[in-house]
Structures are given as C-alpha cells and as structure tokens.
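The basis for the numbers below is simple: all heavy atoms, side chains too, and nothing from hydrogens, waters or symmetry mates.
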2 protein chains.
Amino acid sequence: MNRRRHPDTTPTTVTGSSAETHRAPTVHDVATRAGVASATVSNVLTGRRPVRPELRERVHAAILEIGYQSNQLASSLRLRRSNTIGIVVPDLTNPFFAALVHRIEDLAARDGYDVLLAGSNEDETREAARLQTLLARRIDGLILAPARDELPESFASRPGMPPTVLMDRGFGHAGFDTVTIDNAAATSAGCRHLLELGHRDIALVVSSLSLANMRERATGYRETLAAVGLGARALVVEAGFDVDACHDAIVAALRAPSAPTAIFAANYVATLGSMKAIRGLSLDFPRRISLLGFDDTDWMTVLEPHLSVIEQPVASIAEASWRLLRMRLRTNGEDHEHLRLPCNLVVRASTRAPSGAFRAVDREMSAP
Amino acid sequence: MNRRRHPDTTPTTVTGSSAETHRAPTVHDVATRAGVASATVSNVLTGRRPVRPELRERVHAAILEIGYQSNQLASSLRLRRSNTIGIVVPDLTNPFFAALVHRIEDLAARDGYDVLLAGSNEDETREAARLQTLLARRIDGLILAPARDELPESFASRPGMPPTVLMDRGFGHAGFDTVTIDNAAATSAGCRHLLELGHRDIALVVSSLSLANMRERATGYRETLAAVGLGARALVVEAGFDVDACHDAIVAALRAPSAPTAIFAANYVATLGSMKAIRGLSLDFPRRISLLGFDDTDWMTVLEPHLSVIEQPVASIAEASWRLLRMRLRTNGEDHEHLRLPCNLVVRASTRAPSGAFRAVDREMSAP
DNA sequence: CTGAAAGCGCTTACAG
DNA sequence: CTGAAAGCGCTTACAG
C-alpha cells in the first residue's frame, strides 16, 4: 500500500499546555494529524457526509495512531441527544425487577443506548431525587416502575421530562406509554385453580393496596370468589414490601381461628414471606396448606414441593417496554399505548386439594 | 417581603428561534430573567464564589419561575468530570451481582454520582464493547467484575481508562484496586466443616477454572483435603455458567461409581444447579447427600432442609469497592489496594454426617 | 467534496 | 462582588 506522508503533520503532543495534564485527543488532534479539517474528521466518524476515500483513510490512520476516542459528552451537548436512557426501579434485589433491568439493558445496548440506573427503594421522595439527576443528564427516554401509581401531578408536564414508559405500575396513566400484566385475569385464574382444587378459604397476600396493580389483583380474586358465592370469605392481607413484614402478616393470618387452607401470594416478596411463614409454623405443606406464588424464579423448582405460580412474562414486559420507548424516541406522537400482557398459571406441586374435601365449608364433616 | 421589579427583565420566551422547538431554559435565560450575568447564575448554583444575597435571591426566583434545570452534559464537558461511574457485571440475573449493583448504586447516589450500568453476559467481547461506550461517556470511575481474570494487556494502560476497581474477579491485578473474598480460606472452612461431619468424598463444583477466584476456591479445597491425607479423593467439577449445564455436570458426578457424599457448590449458580440435580435424582437429601452452598440468598432458608452456605459479605464488598473508588476519584495515587474480605460459614441443615460413618472410606463396612 | 466558523450550555480566568 | 469573554469537544449550516 502506498503510504504517503502528509504535509505539516505536527507531533502528537499538544503544544501549549504543560506536560502535566494529559488530555485525551480530540477531533482537532486527529484533524491536524491527518492534515484535514476537524469537520472532515467528524464527517468520517458520523458518516453524515461523504468523504473522499483517501482522506477517509488518513483520518482512520490518525485515529489509530493517536488513540482517539470520541467524547460523547460533547457530542450529546451539540446534538441535544444523549443516547442514554434512564431505568428506575423500586428494588433491584427483587429478581423480577433485576430480570427486567437485565433484559432492557441488553436490548437498549443493541440499539446503541446506554442505561443510567437508579433504585428508588420503594420511596417516592428518593425516586424524585434520583429522577432529578437523570433528567439533568438529559436522558433521551425513561423506563420507570414507579414507587406510587399516582404520579405527582407535575410529573407528566414536568419540564425536561423525556418520553417515558411506565412499567409494572402506573398503568394507563395519561401521557405515558404503559406496560403491565392483566392483573385481574392473573389472580382470577389463580383463584379458580385453587377453587377447583376444593379450597374455600383462600387468603390473598399483597404488598399494599395503595398500588393499583395490587388493587387489580385483589379485584380479580374477589370477583372470582364472589362469582361462586364465596365473596364473604375473601381475605386480603396487606403485608408490606419486605420479607419479614410479610412473614409476620402471614403468620398472623394462619393463626386466626378460620385459617385459610390456601395462600395466594400476589408478588415475589409475598411468595417468599409466605414460604417462610409456612416453614416457621411447621405446617404440613402442601397438605395442610397450599401456596400459589407469583413471579417465577429459578429456585421455585428446587423447593419441595415445587411451587405453583402465576408467571409474569418478564421477557415480554421488557421487550414491550423497550419497543414502545424506542418508537417514541423516534417520533414523539400523542397517542400513548397501554399494554396488558397475559400471565401464565404454572401448576406444580404446592397447590393441591385441601385435606378433607369440604374442610373449609363444613369443618365437622371433614375426614382426617 | 419586599419584592421589587428588576430593570429590563425580558419575558420568558426566547427571542429568535421559532416557537417550534421548545428548548430547555439555560443559565443565560435565568440570567436575563434575573437581570444578572450568566456567570453570576453559575456562581449561585455552584456556590464556588460568593454572590450578594439580593442577587442570589433574584437568581433563585428566576430559576423557579422559568423552571430552569442545569444541564449536566454541558457542565461535565466544561469540568471534565461527569460525576458518573460505570458498573459492569457479568450477569445481573445472579442475585450476588444484583445485590452488589443495588448497594453500590445506593452509595454512589449518596455521594452525588450516577451509575451507568452494563452487563457483559460473561462474554469478554461484549464486555469490551460495553466498556467502550462507557468510556466514550467519560465516566469518572469504573467498578468492574470482569468476565475474565486476565484483562487484555492494553487494559490498564488504555487511553481514557478511568480509575477502576476490580470486584470479585481479577484480584491483585497491578494497576487496579481490587476487592474480593478470601477464596481459599472460604472453601477451606467449608471443606473442614464437611470433613468434621465425616465426609470423605466431597465434590467441589466451580464454574470454570479459568477464573482465578474459582482456582483459589479449588486450591483451598484441595489443600484441606491433602492436609488430612485425602488429596487423592479431591474431585473438582467444572460446571460452567448456567444452571442447566451445572445440573448436568452434577448429575454425572453423582452417578459415577464412587459418587460423593457431599457436594460443595462454589458459587451461586452451582448451588442452584446442585439442588436441581439432587432433586432430579430424588436422592435422600440431606441423608444420602449433603450440600454446602455459596452466596447466601433469601430462598435458602425456605428450602427444606435449610441450606448451609459460605456467605459472601456482599454489603462489605460493595462498600469497600465504592470507598476505594471514591478515594481514587479524589486523589489518584499509584498505590493500589488489594482487599480480601472474609466469608462466613453458615451451618444450617443441608450438611450432616454421611449415612454410615465411614461409608466413603470403606464402603463394605458401612451400615445402611 | 472540503474547510472556517458558529454554537450546544456550562464554568473559569480575567479585568473591572 | 460582578460581568464579558473564552473554551470544554463536538457537529452543522455556510461558503467555497
């Protein structure tokens, strides 16, 4: 190949500044090295305008020689576009959210976006603060699993608020794309499964009814019971957001005079808390008590008996969220989509007929 | 309060640009609104230089009125400091790494740093690519749990590489702070526990011996066996990085003629895989086979029997990593720290004496 | 196809 | 204590 020397190629070291601070090379450095204008360097880098092959070669060579690396901060400032999205979730320690983040990060990366991650710890104030710093960094978009459903009034119209999709919580919120599951259908299916098994006293465990998704899960459950005339036996226990609190609430429910024969945990933490309560009380499981969990996880098939669960379509939720956000990143229309994804009832071994077929309905006629 | 009108306060709307694009307000907008220079706005914002109270008031009022929000992109460019760190982990789906990220994000946020998250999927190539984009965003620091221990030669001296702490893997690497656990001590303690119980055939399950932490865990195990003259019975199975592969490898080991009486899983995935294998084979657990796991997780005390484990000090690892990085962010000295944190042996119910005291040593004299 | 110049929104010498 | 100006490192009209 015919390498030719370019005129007035200055040495790599930047003149002027003392040798003290070693600055990263810039387009300008590349340009002088290659003997072209910095605009030309930018043009070969972005490919936005065609550049004569020979110059292009020289630019590429110069980039390699001086180890140039584009500064996205400058580019973002100029372009008013950071190629960064924010993801804010209540708790990364919850495998449901961890899986969501994992998947979205992967998808975003494929499309050239980096992700700024923040955890809200289920706390509205912390969420607002974390969000604030993400906005200051000019994220192009946001995927948020909000700590509360009722976003502050100011939220949607907040200056600098980028296109946002609400995930898992805040469903149907005007001004946002939202994706969640069909909560009522999920608990209804779960409840029917338990009813078919013969259960009459089924307790539903939710984190907090202040969350719309939990209210919907409670509704699906209540309506299903009501439909078979068991509405009066509905028992919804609000068990909070951490495993220990859940455990305590469930132990209390199980010790009550008319203890349920089945527990339907309506989220991951409740599932774990329920298992702890059942173990702690040394109940005969699943004979004395059935458990239907929520959110499928690796360990659930390692438990004996394997846990029956309502499985949320985590991959689909992540994919839909990213797809919606990416669309909105391209063209920010006014029509917002509200997606409901269906769940799967996975029947394994932790749900079975209560001991004594009509035990709960008519205790005295139950066989041992 | 005595609100007075400032002279030549122009209306909020920026003149010049068409009403089309609604730009976010800038320091300049605040300045004209407050009737001061933009330098003054910057000074009240950063507090770098004192500003007369009256002007300060006017600036604050203007900020509120026009809803100004600082652009960190511009600030970072100017300051050459992004207040952002990168975290790169092999797999966010692994609760060990999820917990680490969760904790570090929290600590970093307290100190005013946002985190750019990337997953490498245990893949060196992907890791390099993701890292590349983080560097382009001029992260101030990096916390990396590398996919491979042997970082590319170019890594440390890579242009634009910020202060970096290596976590979990890559221990002792020159040019980096590193924090990991005392791997050999951890497996040694675990192994001794199993020996004391009477086990003689103990299989150690690692992901891959290409990882130094796994090699160290294998060494601690081998030496402990050797010390009691059982070196020849050491069995290290390399089971890979996903649960299914682990499961298969362990099933094979358990089916071999001289099957172990105890499995020592040397990481989270191996623990899960071992449990699956034990369940799948319907072994009498923990009577026929003991299991000592690694990385304590919520669900492990919900299993029956509760899992005995080597518990990594996740919170301490996260805190140490952040502390080291933050120090280096302030003063980038040449002296790198290499931290080894101790693990905890948590004895629960999944490890117990093999059925028949000398079963493994002398099969024919073992009682049923 | 190429280059000189302006500007993205900040912050920091520098001169009052 | 305050302000006008320069510059961080890019990219994009604009004029050749």
Side-chain angles (χ1 to χ4, degrees), chain A residues 6-8 14 16-17 21-59 63 66 68-83 135-138 140 159-160, chain B residues 6-8 14 16-17 21-59 63 66 68-83 135-138 140 159-160:
Chain A
H6 331 115
D8 45 288
V14 184
S17 71
T21 321
H22 224 43
R23 299 196 163 176
T26 71
V27 274
H28 180 255
D29 298 325
V30 175
T32 71
R33 177 84 177 197
V36 300
S38 50
T40 303
V41 176
S42 182
N43 287 332
V44 335
L45 252 24
T46 64
R48 206 105 41 182
R49 293 193 321 193
V51 173
R52 182 152 48 100
E54 192 195 336
L55 288 200
R56 212 189 309 131
E57 280 305 312
R58 297 216 316 253
V59 168
I63 286 175
I66 70 181
Y68 168 75
Q69 201 171 180
S70 151
N71 182 336
Q72 289 304 312
L73 255 22
S75 173
S76 298
L77 177 60
R78 181 63 232 254
L79 257 25
R80 289 216 172 75
R81 180 171 199 288
S82 63
N83 278 298
L135 296 187
R137 291 188 193 291
R138 299 299 189 257
D140 293 333
Chain B
H6 331 114
D8 44 289
V14 184
S17 72
T21 321
H22 223 43
R23 300 198 164 175
T26 71
V27 274
H28 180 255
D29 298 326
V30 176
T32 70
R33 176 83 176 197
V36 300
S38 49
T40 304
V41 176
S42 181
N43 288 332
V44 329
L45 252 24
T46 63
R48 207 106 40 182
R49 291 193 323 194
V51 173
R52 181 153 48 101
E54 193 194 334
L55 288 198
R56 211 188 310 130
E57 281 305 312
R58 296 212 321 247
V59 168
I63 286 175
I66 69 180
Y68 168 76
Q69 202 171 178
S70 152
N71 183 334
Q72 288 305 310
L73 255 22
S75 173
S76 298
L77 177 60
R78 180 63 234 255
L79 258 24
R80 290 213 171 77
R81 182 171 198 287
S82 63
N83 279 299
L135 296 187
R137 290 187 193 294
R138 299 300 189 257
D140 294 332

Inset, instruction - Using a 4.0 Å heavy-atom cut-off across all strands, classify A/S76 as base, sugar-phosphate, or nothing. - result: nothing
Inset, instruction - Kindly determine whether A/T26 and A/N71 satisfy side chain to side chain contact (heavy atoms under 4.5 Å, CB included), including the steps that lead there. - result: CA-CA 8 Å; A/T26 71; A/N71 182 336; over 6 Å; no
Inset, instruction - Tell me what A/L73 touches on the nucleic acid: a base, only sugar-phosphate, or nothing, going by heavy atoms under 4.0 Å. - result: nothing
Inset, instruction - Kindly say whether A/R138 contributes a backbone atom to a donor-acceptor pair with the side chain of A/S82 at under 3.5 angstrom? - result: yes
Inset, instruction - Would you indicate what A/L79 reaches in the nucleic acid, counting non-hydrogen atoms under 4.0 angstrom: base, sugar-phosphate, or nothing? - result: sugar-phosphate
Legend entry - Leading and trailing nucleotides of DNA chain C with any atom under 4.0 Å from heavy atoms of chain A: C/dC1 to C/dG9
Legend entry - For the student: nearest non-hydrogen atoms of A/R56 and A/V51, plus distance: NH2-O, 3.2 Å
Inset, instruction - Report the C-alpha separation of A/L55 and A/R58 in whole Å, then their side-chain angles, then the decisive distance to 0.1 Å, and conclude whether the side chain to side chain contact (heavy atoms under 4.5 Å, CB included) test is met. - result: CA-CA 5 Å; A/L55 288 200; A/R58 297 216 316 253; 3.6 Å; yes
Inset, instruction - Check for a donor-acceptor pair, side chain of A/R49 on one end and backbone N or O of A/N43 on the other, with a separation under 3.5 Å. - result: no
Inset, instruction - Using a 4.0 Å heavy-atom cut-off across all strands, classify A/R48 as base, sugar-phosphate, or nothing. - result: sugar-phosphate
Inset, instruction - Evaluate the side chain to side chain contact (heavy atoms under 4.5 Å, CB included) criterion for residues A/I63 and A/L45: first the C-alpha distance (whole Å), next the side-chain angles of each, then the deciding distance (0.1 Å), finally the verdict. - result: CA-CA 10 Å; A/I63 286 175; A/L45 252 24; 3.5 Å; yes
Inset, instruction - Working to the nearest 0.5 Å, report the span between CG of B/L135 and OG of A/S70. - result: 11.5 Å
Inset, instruction - Using a 4.0 Å heavy-atom cut-off across all strands, classify B/L45 as base, sugar-phosphate, or nothing. - result: nothing
Inset, instruction - Taking Watson-Crick and G-U wobble pairs with both distances under 3.5 Å, convert DNA chain C into its dot-bracket string, 5' to 3', dots for unpaired and | for cross-strand pairs. - result: |||.||||||||.|||
Legend entry - From CD (A/Q72) to CG (A/L79), nearest 0.5 Å: 9.0 Å
Legend entry - First encountered from the 5' end of DNA chain D, between B/A37 and B/A74: B/A37
